Amino acid sequence: MDAQAWTFLIVGLTFALYIGIAIWSRASSTAEFYVAGKGVHPITNGMATAADWMSAASFLSMAGLIAFMGYQGAQYLMGWTGGYVLLALMLAPYLRKFGKYTVPDFIGERYYSQTARMVALICALFISFTYVVGQMKGVGVAFSAFLGIELKWGVIIGSGIVFFYAVLGGMKGITYTQVAQYCVLIFAYLVPAIFISVLMVDNPVPQIGLGGKLSDGAYLLDKLDSVLTDLGFREYTTSHKGKVDLFFVTAALMLGTAGLPHVIVRFFTVPKVSDARKSAGWALLFIAILYTTAPAIGAFARTNLIQTVHDQPYNSLPDWFASWEKTGLLAFDDLNGDGKVQYYNDQNPDFASEASARGWNGSELTVDRDIMVLANPSIANLPAWVVALVVAGGLAAALSTAAGLLLVISTSISHDLLKQSLKPDISEKGELLAARIAITVAVIIAGWAGIDPPGFVAQVVAFAFGLAAASFFPAIVMGIFSKRMNMQGAIAGMLVGLIFTAVYIIYFKYGGGTPDQYWFGISPEGIGTLGMIFNFIVSIIVSRMTAPPPPEIQTLVERIRIPRGD
Amino acid sequence: MKDNQHSSYWKTNIQYLVILLLVWFLVSYGAGIMWADSLNNIRLGGFKLGFWFAQQGSIYVFVLLIYIYVRLMNRLDSKYDVND
C-alpha cells in the first residue's frame with residue numbers, strides 16, 4: 001500500500017473513532033455540556049488537557065522552529081510548559097472550588113460587576129477566536145498536503161468532524177475525544193523520533209539520545225555546533241542574543257498559558273479540588289513527553305539534513321529530497337552551477353569572503369521549518385504507515401485544540417452573555433439549545449475564516465498569549481490571593497494591561513514600528529509580561545484608593561481557599 | 001473551621017508556594033536563561049549544562065514541582081481536616 005492509501009485509511013479510522021466516542025458521550029444537561037458534569041478522572045482530564053493544549057503548531061512546527069533557533073528555542077519549550085506550575089499552584093484548585101463554568105463567571109462574581117464580566121467575556125472571545133482560526137487552517141493544510149484535497153474541502157471536512165462531536169457532546173464529548181486524540185498524536189510523534197534517535201545515536205530514548213554520541217564518536221550537539229559554525233551559522237547550543245527578550249517572551253508564554261480560558265476551563269471538569277491539582281500534574285507530564293522530545297527531533301533533523309545534503313551532488317541525493325521538493329517545502333537552486341547543494345548562512349557578512357573563497361554563490365537550499373517533523377519518517381526511511389500516522393497525529397492535534405476553543409466561544413455566548421447577562425430566566429433546556437446553536441455558529445465562522453484567514457490571524461500567538469497574560473492572569477490571581485482587591489482595581493488593571501499590550505503589539509506588527517524602537521529590547525511576543533506587571537501595579541494602587549469589597553465577597557474568597565465545603 | 005486555623009492553613013500553603021515558585025524561577029529563568037552561559041562550561045555527558053536546563057531539565061523540574069505540591073497539599077488538607 002502506498003503512503004496516500006495508508007493516510008486515507010489511518011485518518012479515516014481515527015475520524016471514525018472520534019465520531020464513535022461522540023455518539024457514546026452525548027451531553028444531556030448544561031453541566032455536562034459546559035464541564036462534563038464535573039466527573040472526569042484527573043488522569044483522563046490531564047490527557048485531555050494535554051491534547052487541548054498542544055496545537056497543530058506544537059505538533060508540526062515546534063521541532064522545526066527549535067532546529068533553526070537552537071538554544072533560543074528554549075523560549076517555547078519552557079514558556080509552553082512552565083505555565084502549568086502556575087496553574088497547579090495558583091489557579092486551578094481555587095477556580096475548581098469556586099465551581100462555576102467559565103473564567104468570566106469567576107471574574108464577574110469575584111469582582112461583583114457586570115462590567116468586569118463583559119471585559120473578561122470580550123477577552124475570552126477574542127483570544128479563542130484568533131487561536132481557533134489558525135487550527136482550522138492547520139486542518140486544511142494537512143488535508144491538502146497529504147490527501148490531495150483542496151484546502152477549502154479539508155477545512156470543511158475538519159469542521160464537520162469537530163461540529164459533530166462538539167455539538168453533540170459539548171465538554172463531555174470533547175473530553176473523551178481529546179483523550180483519544182492525545183493517544184494518536186503522542187504515538188505519532190514518538191515513533192519517528194525513536195527511530196531517528198536509534199538511527200543517529202543508537203539510543204531509543206530521544207531525550208537521552210540528544211546528549212548521545214554519533215557513530216564517529218563525537219557528541220551529537222558538539223558536532224552540530226562545529227558543523228554550523230563551519231557554515232557561517234551561530235553555535236546551536238549557546239545564546240547569541242540579549243537575554244532580556246528571551247526572559248520576557250518566556251514569561252509571557254508561561255503567564256499566558258496560565259491565563260488561557262480553554263486551558264483553565266478544563267480544570268472545572270474534575271470532581272474535587274485535590275483532583276484539580278493532580279490533574280495539572282498529569283497534564284504537564286503528558287505535555288512534557290512531547291516537549292522534551294521536540295528538541296531532540298530538532299537537533300537530529302538539523303544534523304541529519306546538513307550531513308545528507310550539504311556539498312552533495314544533487315543527482316545522488318536520496319529519493320525523499322525530490323518528493324519534498326514537489327511540495328515546495330524544500331527547494332534547491334544551483335546558484336554556482338556546480339551541481340552540488342551548498343547550504344550555509346549567506347546572511348552572515350563575516351562569512352561572505354570565506355564562502356566565495358570556497359566557490360559558493362549564496363545558499364542553495366530553502367527549507368520550510370514544518371518539514372522537520374513531516375519529513376522525519378521518510379528521511380529515516382520508515383515505512384509508509386508511519387508517514388500516515390504523522391498526518392493523523394497533526395490532525396488530532398489541530399482538531400483537539402479547535403474543539404476546546406470552540407467550546408469556550410459557545411459557553412461565553414450561551415452562559416456568560418445570555419444566561420448571566422441578557423436573559424437570566426432562560427430555562428436549562430433553552431440554555432443547552434443556545435449553547436449548541438452558539439457552537440454551530442462558531443464552527444461555521446471559524447471554518448470560513450480558516451479558509452480565508454484575515455491578515456491579523458498570522459500573529460495570533462503574540463496576541464492570544466499577550467492578552468491572556470496581561471488581562472486574566474493578574475485578575476484571577478489577585479481575586480484568590482488578595483481579599484482587599486476590589487472591582488475598581490481589577491477593572492482598571494485589566495483595561496490598562498489589555499490596552500497597553502494591544503497597542504504595543506499593533507504598533508509593532510501593523511503600525512510600522514521597527515525592532516530598534518522596542519522598549520528595553522522587548523519584542524511584541526514578550527510584551528504581555530510588561531502588560532501583566534502594569535496590570536498588577538494599577539490594580540493594587542486603585543484598589544487601595546477605593547472601598548474594600550463587600551463582606552460577602554471576602555467570605556467568598558475565604559471559601560475558595562479551603563478545599564472542603566460549599 | 002475556625003479563623004485562626006484557617007489563617008495558619010493558608011499561611012503554610014503560601015510558604016509552600018513561595019518555596020516551590022522560587023525553585024521554578026531558579027531553574028528556568030536562572031539556570032535556563034540568566035546563568036546559562038556560565039553553566040555551559042559545565043558538562044552533563046553530551047550536554048552543556050545551561051543548554052540542558054533550557055531545553056530539558058527545567059521541564060522535568062516543572063513536572064516534579066507539581067507532584068511535590070500535590071503531596072504537600074494533600075498532607076496539609078488532612079492535617080487541617082479540610083480535604084474534600
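This one's a predicted model, so the numbers in the text were calculated from it and none came from an experiment. In what follows, chains carry the letters A, B, and so on, assigned in the order in which the sequence lines appear, proteins first and then strands, with residues in each chain numbered from 1.
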- [ ] Return the option, out of B:Val70, B:Asn40, B:Asn83, with the maximum number of heavy-atom pairs under 4.5 Å with chain A.
- [x] B:Asn83

Task: Choice from B:Leu21, B:Val27, B:Leu44 maximising heavy atom contacts with chain A below 4.5 Å - done: B:Leu21

Open item on the list: If the threshold is 4.0 Å, N to carboxylate O, is there a salt bridge linking A:Lys223 and A:Asp216?
Closed with: yes

Open item on the list: Given the ring of B:Tyr80, does B:Arg75 sit roughly above its face, with NZ or CZ under 6.0 Å from the centre of the six-membered ring and within 45° of the axis?
Closed with: no

Open item on the list: Between B:Arg43 and A:Asp222 (salt bridge meaning N to carboxylate O under 4.0 Å), is one present in this structure?
Closed with: yes

Task: Toward chain B, the part of A:Ala294 with a non-hydrogen atom under 4.5 Å - done: neither

Open item on the list: Heavy-atom pairs under 4.5 Å with chain B: which of A:Ile66, A:Leu89, A:Thr81 has the most?
Closed with: A:Leu89

Open item on the list: If I measure from the heavy atoms of chain A, does B:Asn13 come under 4.5 Å with its side chain, its backbone, both, or neither?
Closed with: side chain

Open item on the list: Under a 4.5 Å cutoff for heavy-atom pairs, which residue among B:Ile66, B:Asp77, B:Val63 has the most contacts with chain A?
Closed with: B:Ile66

Open item on the list: Under a 4.5 Å cutoff for heavy-atom pairs, which residue among A:Thr250, A:Leu284, A:Thr237 has the most contacts with chain B?
Closed with: A:Thr237

- [ ] Below 4.5 Å from any heavy atom of chain A, which atoms of B:Leu64 appear? Answer side chain, backbone, both or neither.
- [x] neither

Task: Contact origin within A:Leu220 toward chain B - heavy atom pairs under 4.5 Å - done: neither

Open item on the list: Please give me the minimum heavy-atom distance between A:Val263 and A:Tyr84, naming the atom from each residue.
Closed with: CG1-OH, 3.6 Å

Task: Residue among B:Leu17, B:Leu20, B:Val61 with most heavy-atom pairs under 4.5 Å to chain A - done: B:Leu17

TODO: Against chain A, label B:Tyr67 side chain, backbone, both or neither, depending on which of its atoms sit under 4.5 Å from a heavy atom there.
DONE: side chain

Open item on the list: Under 4.5 Å from any heavy atom of chain A, what part of B:Ser28 do you find: side chain, backbone, both or neither?
Closed with: both

Open item on the list: Tell me whether the count of non-hydrogen atoms from other residues, nucleotides or ligands lying under 6.0 Å of CZ in B:Arg71 goes above 12.
Closed with: no

- [ ] Please state whether the side chain, the backbone, both or neither of B:Tyr16 comes within less than 4.5 Å of a heavy atom of chain A.
- [x] neither

Open item on the list: Please check: side-chain N/O of A:Asp275 versus main-chain N/O of A:Pro42, any donor-acceptor pairing under 3.5 Å?
Closed with: no

Task: Pair B:Asp37 + A:Lys243: basic N to acidic O under 4.0 Å - done: yes

Task: A:Ile287 portion near chain B, given a 4.5 angstrom heavy-atom threshold - done: neither

- [ ] Below 4.5 Å from any heavy atom of chain B, which atoms of A:Glu558 appear? Answer side chain, backbone, both or neither.
- [x] both

TODO: Indicate yes or no for a side-chain donor-acceptor contact from A:Arg302 to the backbone of A:Leu224 under 3.5 Å, with no hydrogens or angles considered.
DONE: no

Task: Within the 6.0 Å centroid threshold, strictly below: A:Phe481 and B:Trp10 - done: yes

Task: B:Gln56 versus A:Thr292, closest heavy-atom pair with distance - done: NE2-O, 2.7 Å

